[in-house]
Amino acid sequence: MTTNKSSKVTIVGSGNWGSAIAKIVGRNTKKLSEFDPTVTMYVYEEMIDGRKLTEIINEQHENVKYLPGIKLPDNVVAEPDLIKACEAADILVFVLPHQFIPKICCMLKGKIKSNAIGLSLIKGFVTSEEKGIQLVSHLIHNLLGIEVAVLMGANIANEVAKEEFCETTIGCKDSTNGLLLKKLVQSENFRVVVVDDCDTVEVCGGLKNIVACAAGFADGLGLGDNTKAAIIRLGMMEMINFVNMFYKNGNVKTFFESCGLADLITTCYGGRNRRCSEIFVKSNKSLDEIEREILNGQKLQGPLAAEEVVFMLEQKGVTQSFPLFCAVQKIFKRIIPPPMLIEMLREHPVHQQGYLELLFERKEKEAEQR
Ligand SMILES: NC(=O)C1=CN([C@@H]2O[C@H](COP(=O)(O)OP(=O)(O)OC[C@H]3O[C@@H](n4cnc5c(N)ncnc54)[C@H](O)[C@@H]3O)[C@@H](O)[C@H]2O)C=CC1
Ligand SMILES: O=C(CO)COP(=O)(O)O
């Protein structure tokens, strides 16, 4: 952990969620003595109507592209140079679309404080030829050699930025760091619970995006709330099964924190993955076209996560236990038509008598054996 009295914070990322969290973090560092008041925000530079985005943020205190209409505190300073932004930081908050994180970490290797701590808000996985699927926090830890906690929850960025009440979950092994990170991000309307089951928290964040795509397909097919409820339930069962199979120390209780069922619900109703998946079914457009037309530079995580997760399930020979994840991947690849989603869910293994007993008994037995 960091021993500094007044920890310097850098936010690595400045998209929709990065900017929303910067608003909370900036306010907190201004008033809490544990933190250096100035928050640096690494901004991937781009030109907006002939002006640099960093200049706009530093002069207008607003990320006009990714979080328009929301003022950021004036102690949040945009910096386009990644190394300059991060080299003095005691706390690094990683909040980029996951596809950019391997490159960012390679650039940061050896350039940050060795006793810094990380907090990853990134919902997704990374894959490599040698290692298969990897959690983003593990990749950051392996490449940068720092401890990395995670923050995931039912947190649509625009609603958080408008200060509507919500909850979130921090997964952190070290209780002192967990408390410090809670102080950094908690506000009146952003309530934080810290748990030590980090991997489950992070896996929930990555997998719920896939389920949200299935919810979007159902909307695109004109199906109603009963179908969506079934998708949420079956999706959650696949998420639990995934943790049981691949993260043996995971605790099913974690699914009842904000990172679990609550995030699944909000994303299946209000998220970008849901919205774009609905359009994917209703149009003949490619995902790239939809992302470009609808998201104005923001990035989808669900289709990529489906690709990464199904690649792993195929390698392990367990696709039959995850029909919903597999259907999403196949529909995006246009290997099967969208209505096949329902065909694949009709014979879901969860419908077999005694499935839940088996799922939970196996977990209890494993826990007893440990
Ligand atoms: N937006 C939301 O409501 C929420 C998002 N998240 C998660 O937070 C993470 C970040 O999401 P957002 O902040 O919404 O990002 P976003 O979807 O707004 O992505 C755009 C960001 O990517 C940056 N970018 C584009 N090309 C880049 C490159 N080559 N290298 C580095 N950066 C590049 C852009 O500058 C911009 O800051 C994701 O994992 C997402 O799943 C989690 C909770 C809520
Ligand atoms: O993670 C989110 C809400 O918690 C946002 O989900 P989307 O990326 O689908 O918008």
Side-chain angles (χ1 to χ4, degrees), residues 94-106 109 118-152 169 171 173 197-214 234-252 254-255 259-260 263-264 267 273 277 287 299-333 335 344 349 359 363 366:
F94 293 93
V95 54
L96 290 157
H98 72 274
Q99 50 269 47
F100 304 126
I101 200 71
K103 188 171 161 216
I104 291 284
C105 285
C106 289
K109 201 173 176 165
L119 177 65
S120 172
L121 277 57
I122 299 169
K123 291 175 176 171
F125 304 93
V126 275
T127 40
S128 69
E129 287 297 325
E130 324 83 65
K131 295 205 172 112
I133 202 168
Q134 208 184 356
L135 296 183
V136 170
S137 68
H138 292 194
L139 176 98
I140 300 172
H141 170 75
N142 292 342
L143 287 177
L144 302 183
I146 58 171
E147 289 311 312
V148 185
V150 295
L151 180 151
M152 312 275 145
T169 314
K173 293 270 178 240
D197 187 11
C198 308
D199 288 354
T200 306
V201 173
E202 188 168 359
V203 171
C204 281
L207 293 180
K208 64 88 196 175
N209 284 335
I210 307 177
V211 184
C213 295
L234 294 172
M236 173 127 151
M237 298 316 296
E238 290 192 17
M239 288 165 63
I240 293 174
N241 200 12
F242 189 91
V243 169
N244 274 358
M245 270 190 199
F246 305 119
Y247 299 89
K248 296 287 181 205
N249 292 321
N251 190 333
V252 79
T254 305
F255 285 87
C259 62
D263 196 8
L264 196 49
T267 315
N273 284 292
S277 302
L287 266 177
K299 301 284 175 204
L300 279 183
Q301 312 285 278
L304 256 180
E307 192 66 34
E308 288 154 348
V309 165
V310 171
F311 169 74
M312 172 184 177
L313 298 175
E314 281 169 354
Q315 276 186 328
K316 308 261 180 198
V318 291
T319 49
Q320 73 288 353
S321 301
F322 300 92
L324 187 145
F325 294 166
C326 293
V328 170
Q329 186 259 355
K330 288 192 167 64
I331 290 169
F332 278 133
K333 291 265 155 207
I335 297 169
M344 290 180 75
L359 190 67
K363 194 75 198 162
E366 277 166 11

How long is the span from the OG1 atom in Thr319 to the CD atom in Glu314, to the nearest 0.5 Å? 6.5 Å

Distance alone, cut at 3.5 Å: any donor-acceptor contact between the side chains of Asn251 and Thr254? no

Min side-chain heavy-atom separation Lys173-Glu147 under 4.5 Å: no

Would you sort out whether Val126 and Gln99 count as a side chain to side chain contact (heavy atoms under 4.5 Å, CB included), showing the intermediate values? CA-CA 7 Å; Val126 275; Gln99 50 269 47; over 6 Å; no

Return the NZ to CG distance between Lys208 and Leu264, rounded to the nearest 0.5 Å. 8.5 Å

Could you pull out the closest heavy-atom pair between Cys204 and Cys259, with the gap in Å? CB-O, 3.2 Å

Note, Phe246 side chain near Ile133 side chain (heavy atom, < 4.5 Å): no

Would you compute the distance between atom CD of Glu307 and atom CD1 of Ile210 and round it to the nearest 0.5 angstrom? 10.0 Å

Where does the angle between the aromatic ring planes of Phe322 and Phe325 fall among parallel (under 30°), tilted (30 to 60°) and perpendicular (over 60°)? parallel

In the structure I gave you, are the side-chain heavy atoms of Phe311 and Gln315 within less than 4.5 Å of one another anywhere? yes

When Leu207, Thr127, Asn209 are each screened for side-chain contact (heavy atoms from CB on, under 4.5 Å) with Val309, the one that passes is Leu207

Quick one, Val136 and Phe125 - any side-chain contact, counting heavy atoms below 4.5 Å? no

Show the nearest heavy-atom pair for residues Met152 and Gly205, with the distance to one decimal. SD-CA, 3.9 Å

Walk me through whether Val203 and Met239 qualify under side chain to side chain contact (heavy atoms under 4.5 Å, CB included). CA-CA 8 Å; Val203 171; Met239 288 165 63; over 6 Å; no

Do Val148 and Leu119 come within less than 4.5 Å of each other through their side chains, counting heavy atoms only? no

Is the backbone of Gly302 close enough, under 3.5 Å, to the side chain of Asn273 for a donor and an acceptor to pair up by distance? yes

Does His141 use its side chain to pair, donor to acceptor, with the backbone of Ile146 at less than 3.5 Å? yes

Are the side chains of Ser321 and Glu238 in contact, using a 4.5 Å heavy-atom criterion? no

Rounding to 0.5 Å, atoms CD (Gln329) and CG (Leu324) come to a distance of 12.5 Å

Could you tell me which non-hydrogen atom of Gln134 sits nearest to which non-hydrogen atom of Asn142, and how far apart they are? NE2-ND2, 3.0 Å

Heavy atoms only: give me the nearest Val310-Cys326 pair and the separation to one decimal. CG2-CA, 3.9 Å

Salt bridge or not between Lys123 and Glu202? Use side-chain N to carboxylate O under 4.0 Å. no

OG of Ser137 to CD1 of Ile122, rounded to nearest 0.5 Å, is 9.5 Å

What heavy-atom pair brings Gly250 and Asp197 nearest, and what distance separates the two atoms? CA-OD1, 3.6 Å

Asn241 (side chain) donor-acceptor with Met237 (main chain) under 3.5 angstrom: no

For the NZ atom on Lys316, are there more than 12 heavy atoms of other groups (residues, nucleotides or ligands in this structure) within a distance under 6.0 Å? no

Taking all atoms of both residues into account, what is the closest heavy-atom pair of Gly206 and Ala305, and its distance? O-CB, 3.9 Å

Rounded to the nearest 0.5 Å, how far apart are CZ of Phe94 and CG of Leu151? 14.0 Å

How far apart are the C-alpha atoms of His98 and Leu304, what are their side-chain angles, what is the distance that settles it, and do they pass the side chain to side chain contact (heavy atoms under 4.5 Å, CB included) test? CA-CA 9 Å; His98 72 274; Leu304 256 180; 3.8 Å; yes

Going by heavy atoms in the side chains, are Ser120 and Ile140 under 4.5 Å from each other? yes

Taking the side chain as C-beta and beyond, is there a heavy-atom pair between Val201 and Cys198 under 4.5 Å? no

